[in-house]
4 protein chains.
Amino acid sequence: MAVDESGVSGARRRADARRNEQALLDAAAAAFLACGVNAPVRDIAARAGVGVGTIYRHFPTRADLVVAVYRHQVEACAEAGPTLLAGCDTPCVALARWIDLFVEFLVTKHGLAEALRSDDAAFEALHAYFLDRLVPVCARLLDAAAAAGEVRADVAAYELMRGVGNLCIGAGHDPRYDPRRLVDILVAGLRPQ
Amino acid sequence: MAVDESGVSGARRRADARRNEQALLDAAAAAFLACGVNAPVRDIAARAGVGVGTIYRHFPTRADLVVAVYRHQVEACAEAGPTLLAGCDTPCVALARWIDLFVEFLVTKHGLAEALRSDDAAFEALHAYFLDRLVPVCARLLDAAAAAGEVRADVAAYELMRGVGNLCIGAGHDPRYDPRRLVDILVAGLRPQ
Amino acid sequence: MAVDESGVSGARRRADARRNEQALLDAAAAAFLACGVNAPVRDIAARAGVGVGTIYRHFPTRADLVVAVYRHQVEACAEAGPTLLAGCDTPCVALARWIDLFVEFLVTKHGLAEALRSDDAAFEALHAYFLDRLVPVCARLLDAAAAAGEVRADVAAYELMRGVGNLCIGAGHDPRYDPRRLVDILVAGLRPQ
Amino acid sequence: MAVDESGVSGARRRADARRNEQALLDAAAAAFLACGVNAPVRDIAARAGVGVGTIYRHFPTRADLVVAVYRHQVEACAEAGPTLLAGCDTPCVALARWIDLFVEFLVTKHGLAEALRSDDAAFEALHAYFLDRLVPVCARLLDAAAAAGEVRADVAAYELMRGVGNLCIGAGHDPRYDPRRLVDILVAGLRPQ
DNA sequence: TATGAATGAGGGTTCATTCAT
DNA sequence: GATGAATGAACCCTCATTCAT
């Protein structure tokens, strides 16, 4: 209707949409932290200052949103693998430090660890993304450590990561339970014999 | 089998109610397995072939029901502790076997491990019951093993059990993840140094 | 089964039942006071220390119970009519004092006034009883006062009593509202012209 | 009819919602009439042809709905006070006619009088609204009449209105009971001496 | 595109009433 | 007769998802 809007509307829309998407990601991150990854859609929309429809447009499933929220950190974690392997004295140290990174990531995102183990179909995409991106990284570290004889050779990267993920569930709710300590013990248990 | 079940009419009425209660416990166990411990009240009632009111009569809160469903096994597990300690060659073996029992219990009751770590207020009673009953048992085994120098002395029974419980979450959903293996690794990580 | 119970059981039952009935009436009166005439059946049963079935046996409908609870006072009120008419200086004074009695009765029985005006079918018997017993008494007083020219002649006993009953609804909930004052005003309004 | 209803899409959406809200108000009024102010939410929704969620969106609490249903008439009644005072021959006539309006309002809205005297916490907002809006109006009329020596000076507007409200309870259920007649008697009782 | 109103399935809880014991 | 366990209808409320504007 307004004449002057047509000229730049393509670009405008893009910019608007991108700004909206970022607001949504921030809002979702905050909501996940407060209520877990199943935070009510309306909460997220309200925090972002958009309508609920906008969420569904940008992120058709909840998993899409969760993946998007954590993508940056997942990428950072994935990229840290090779770097650590190259920079540490032994593969075992690299593995331990990489797992520390992974734990730090999960522990500070309440609800993420829960989502990772949820069998809710809505999170399939999330599972797939995490596995595709991180399991190979972990596998390389694990293989290197195993090749050096520093860890048992019969542990799969997938199960190790699932174990670490599980240990991180509920972090922060209970001062008597520190996931980092338990993950350390688990990693210690990887030593041969 | 039980002597007092035949006799007078007073006991008869009780027998009826008890049979119903057992049906409810079985139904709830099945529902928990299928849908987790937050299974809809109506589902449980339907499985048991009773009205919803009957559930509320027997178990006013959900926690009451959950506790009742698992009480037998919790008791059995608790009682196994001293027995194993007395019967095994070393405290460490007793600890390992007791944890195997605990894991077997959790793994076959999908939903229980989830309930144990839920921060939903409805499960406080459940948490309390588990802690009261099992943590001391675990503590004795752990202390004995530590005294024998077989495990690190700086691990609390509570955190160990929480860790084991967490590792059991999601068991059975995924053939690539076997909680028993990971718990073994965790226990191996308890060795000194 | 027990031999010695058969001999006197008829009499025993009677005594038991009567005791039960009285306990129920007391319990119901207390429950009505606390929760109104729609007090939960189970509350009443619990207060009386009997099962709910016992209530239904003695008082098939709620109205039966309500009527029974208030019968004594209704009777007393009904009997006071002729006495007052005979003993007071004028019919108008008798009428006023009789209405005071009625108000006192209603005001101290929270929930009764509400029940009297309820159109719930369960209270038909209650309405009928009140009307049968009290309206004629009021009518005699009213007629006498009208005959003496002390009150308007066009007011029916039924509507007067309903009006008084309505004014008593909610008594005691609100210190700013005193049914007695308003009933006095209503009665004053009966004066001719 | 309303000028701003055509125009832009923003207003259009509003118009839809407003139409819905009006349907809800009508439906609620009908439901209140049939079942009292505690009419089931679903009934009201069904009458309005909307889902229950729509009710909760527009009127989060029942009191909100009740207030909204009666707001127009309350306002009209409140505004009639000063008009009558200015237009009638004597304050007493103005008072009587204003009370007639109030009674007409209550009598045609079965369930409202009941709601007014309910001690259910859900109706606090309703009470407050009625009191805030109507008691001052009544007080002015009453004061004027008292100043003119036409009515007793010791009657508060609040208690008078409560009395009138109470007399209107159950109107229409019983042909033998006409609230208007009794209110007239009550008002007549306000005359000095 | 963005909005947010509407929908309605889904889950929780209470309580009057019946009926086997 | 008395009991109280069982039933299930009837309410309430929330929230994910769709879709008209």
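Quick note on labels: first sequence line is chain A, next is B, and so on, each numbered from 1.
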Quiz item: Please, what dot-bracket string fits DNA chain E when only Watson-Crick and G-U pairs with both distances under 3.5 Å count, crossing ones use [ ] and pairs to another strand use |?
Solution: .||||||||||||||||||||
Looking only at non-hydrogen atoms, find the nearest pair between [X] and [Y] and report the distance.
| X | Y | value |
| --- | --- | --- |
| D:Val69 | D:Ala28 | CG2-CB, 3.6 Å |
| B:Ile44 | B:Ala27 | O-CB, 3.6 Å |
| C:Ala23 | C:Ala48 | O-CB, 3.8 Å |
| B:Leu126 | B:Ala63 | N-CB, 4.5 Å |

Quiz prompt | Any B:Asn20 side-chain nitrogen or oxygen under 4.0 Å from OP1 or OP2 of F:dA6 | solution = yes
Quiz item: Who pairs with B:Asp174 by salt bridge (Lys or Arg N to Asp or Glu O under 4.0 Å), at least two apart in sequence or on another chain?
Solution: B:Arg176
What is the separation between atom [atom1] on [X] and atom [atom2] on [N], rounded to the nearest whole Å?
| X | N | atom1 | atom2 | answer |
| --- | --- | --- | --- | --- |
| B:Arg19 | F:dA6 | CZ | P | 10 Å |
| B:Arg18 | E:dT21 | CZ | P | 15 Å |
| B:Ile44 | E:dT13 | CD1 | C1' | 14 Å |

Approximate separation, where rounding is to 0.5 Å, of [X] [atom1] and [Y] [atom2]:
| X | Y | atom1 | atom2 | value |
| --- | --- | --- | --- | --- |
| A:Tyr129 | A:Asp64 | OH | CG | 12.5 Å |
| B:Leu24 | B:Gln22 | CG | CD | 9.5 Å |
| D:Ile169 | C:Leu116 | CD1 | CG | 12.0 Å |

Exercise. Could you list the residues that satisfy side chain to side chain donor-acceptor pair (under 3.5 Å) with A:Tyr56, not counting sequence neighbours?
Key: none
Quiz prompt | Selection: residues 36-43 of chain B, any non-hydrogen atom under 4.0 Å of DNA chain F | solution = B:Arg42
Exercise. Could you check which residues of residues 52-71 of chain B get a heavy atom under 4.0 Å from DNA chain F? Sort them by number, please.
Key: B:Val52, B:Gly53, B:Thr54, B:Arg57, B:His58
Quiz item: Going by the side chain to side chain donor-acceptor pair (under 3.5 Å) test, which pairs reach into residues 32-51 of chain C, not counting sequence neighbours?
Solution: none
